[in-house]
Amino acid sequence: MSSSVAPQEMSGASDPSALGFPLLFEIGWEVANKSGGIYTVLRSKVPVTVEEYGERYCLIGPYMANAAAVEFEELAPPKPFGEAVKKMQSQGVVLHFGRWLVPGNPYALLFELGSSWGRVEGWRSEYFERTGIPCDAKEKETNDAIVFGFLVALVIREVAVETGKRKIVCHFHEWMAAVGLTMLKAWSVPIASIFTTHATLIGRYLCAGQADFYHTMQHVDADAEAARRQI
């Protein structure tokens, strides 16, 4: 993923419309939303990512008005994001494009989930049909993840259509963003994908009980350990 040429030497490499260089999207519930430890992970890696990718880097998260009021500055989206944003807005999706006001000042795209809540039943059904994973219709967190995930997948699909054969890399963080990844794969959108899970329940138990966990984790039978703890 890293280039052998120093970022400052790459002519046009930071330009989001420079076709010879890939776009990078990073997706997480904590983008411009200080709600957990992943916020710190995302924020801390922004400066070096911006140094490498420049304005070809865009984070995607949910729009939280109170957090956005102090951490987000809205602006008109440049190419190749602009057409995708317009297409989503034409479908009734309320979103905000701008910069996350942290060191590096990366682009950020934030969705107002409530504007698309009326589509959650159809999306939940499609998710089950495509993946075989059932979702509890009464569970708000799950429904939030469905709405957020579909909006992410839809806008990245629009960017892929707009940019043609341009390479796109998408990095998803934790289960709240995972629906977007699975739908992009289900729709056969040509992206390279990364998924990071930052913690699991069994992992927390094992870390708490084993001082040398990171040197022994390759030998752990996770299913057996989970069963032993009735997880």
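Here, residue 1 is the first one in the sequence, and each next residue gets the next number. Remember, it's a predicted structure, so these values are computed and weren't measured experimentally.
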Next on the checklist: Between Leu206 and Arg229, is the side chain to side chain contact (heavy atoms under 4.5 Å, CB included) condition met? List the steps.
Outcome noted: CA-CA 10 Å; Leu206 292 172; Arg229 291 169 173 79; 3.8 Å; yes
Would you indicate whether the side-chain heavy atoms of [Y] and [X] approach each other to under 4.5 Å?
X	Y	result
Pro103	Val46	no
Arg157	Ile168	no
Lys167	Leu23	no
Glu26	Lys45	yes
Phe172	Thr182	no
Tyr39	Glu71	yes
Val147	Phe111	no
Phe25	Val169	no

Separation of [Y] [atom2] from [X] [atom1] (nearest 0.5 Å):
X	Y	atom1	atom2	result
Leu109	His96	CG	NE2	10.0 Å
Ser115	Trp117	OG	CH2	11.5 Å
Asp144	Trp29	CG	CH2	4.5 Å
Glu55	Asn105	CD	CG	10.0 Å
Phe81	Arg56	CZ	CZ	9.5 Å
His171	Leu181	NE2	CG	10.5 Å

At their closest point, which heavy atom of [X] faces which heavy atom of [Y], and how far apart are they?
X	Y	answer
Val70	Leu101	O-CD1, 4.3 Å
Ile156	Cys170	CD1-SG, 3.7 Å
Ala186	Arg130	O-NH1, 3.3 Å
Gly61	Phe148	C-CE1, 3.5 Å
Ile202	Ala222	CG1-O, 4.4 Å
Phe150	Glu126	CE2-OE1, 3.7 Å

Checklist entry - Hey, what's the ring geometry for Phe97 with Tyr107, parallel, tilted or perpendicular (30° and 60° as the breaks)? => result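 Answer is tilted, since the angle falls between 30° and 60°.
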Item to check | His173/Glu30 under side chain to side chain donor-acceptor pair (under 3.5 Å): CA gap, chis, key distance, verdict | outcome: CA-CA 9 Å; His173 292 269; Glu30 296 79 2; over 6 Å; no
Checklist entry - Could you go step by step and tell me if Leu151 and Ser116 meet the side chain to side chain contact (heavy atoms under 4.5 Å, CB included) rule? => result CA-CA 8 Å; Leu151 290 173; Ser116 300; 3.5 Å; yes
Check for me, please, whether [X] and [Y] land in the same ILVMFWY cluster - side-chain distances under 4.5 Å, paths through other members count.
X	Y	answer
Leu24	Val48	no
Leu154	Phe128	no
Trp123	Val94	no
Val161	Val155	no
Ile194	Val41	no

Does atom [atom1] of [X] have more than 12 heavy-atom neighbours, drawn from other residues, nucleotides or ligands, at distances under 6.0 Å?
X	atom1	result
Gln218	CD	yes
Lys185	NZ	yes
Glu121	CD	no
Asp136	CG	yes

Checklist entry - Any donor and acceptor pair, going by atom type alone, linking the side chain of Asn143 with main-chain N or O of Lys138 inside 3.5 Å? => result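 Checked: no pair found.
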Checklist entry - Is there a donor-acceptor contact under 3.5 Å from the side chain of Arg99 to the main chain of Phe72? => result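 Here the side-chain-to-backbone pair does not exist.
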Item to check | Qualifying residues under side-chain hydrogen bond (donor to acceptor under 3.5 Å, both in side chains), relative to Lys86, sequence neighbours excluded | outcome: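 If we apply the side-chain hydrogen bond (donor to acceptor under 3.5 Å, both in side chains) test to Lys86, skipping adjacent residues, there are no hits.
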Checklist entry - Taking atom types as modelled and ignoring hydrogens, do the side chains of Thr197 and Glu174 form a donor-acceptor contact shorter than 3.5 angstrom? => result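 Present: a donor and an acceptor within the cut-off.
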Next on the checklist: For Ile27 and Phe195: C-alpha separation, side-chain torsions, deciding distance, then whether side chain to side chain contact (heavy atoms under 4.5 Å, CB included) applies.
Outcome noted: CA-CA 10 Å; Ile27 303 96; Phe195 176 74; over 6 Å; no
Checklist entry - How would you list, by chain and number, every residue that makes a salt bridge (charged side-chain N to carboxylate O under 4.0 Å, His left out) with Glu141, sequence neighbours excluded? => result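 If we apply the salt bridge (charged side-chain N to carboxylate O under 4.0 Å, His left out) test to Glu141, skipping adjacent residues, there are no hits.
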Next on the checklist: Go through it in stages, so that I can follow the logic: the residues are Arg43 and Trp100, the test is side chain to side chain contact (heavy atoms under 4.5 Å, CB included), and I'd like the CA-CA distance, side-chain angles, deciding distance and then a yes or no.
Outcome noted: CA-CA 9 Å; Arg43 177 175 172 147; Trp100 186 9; 4.1 Å; yes
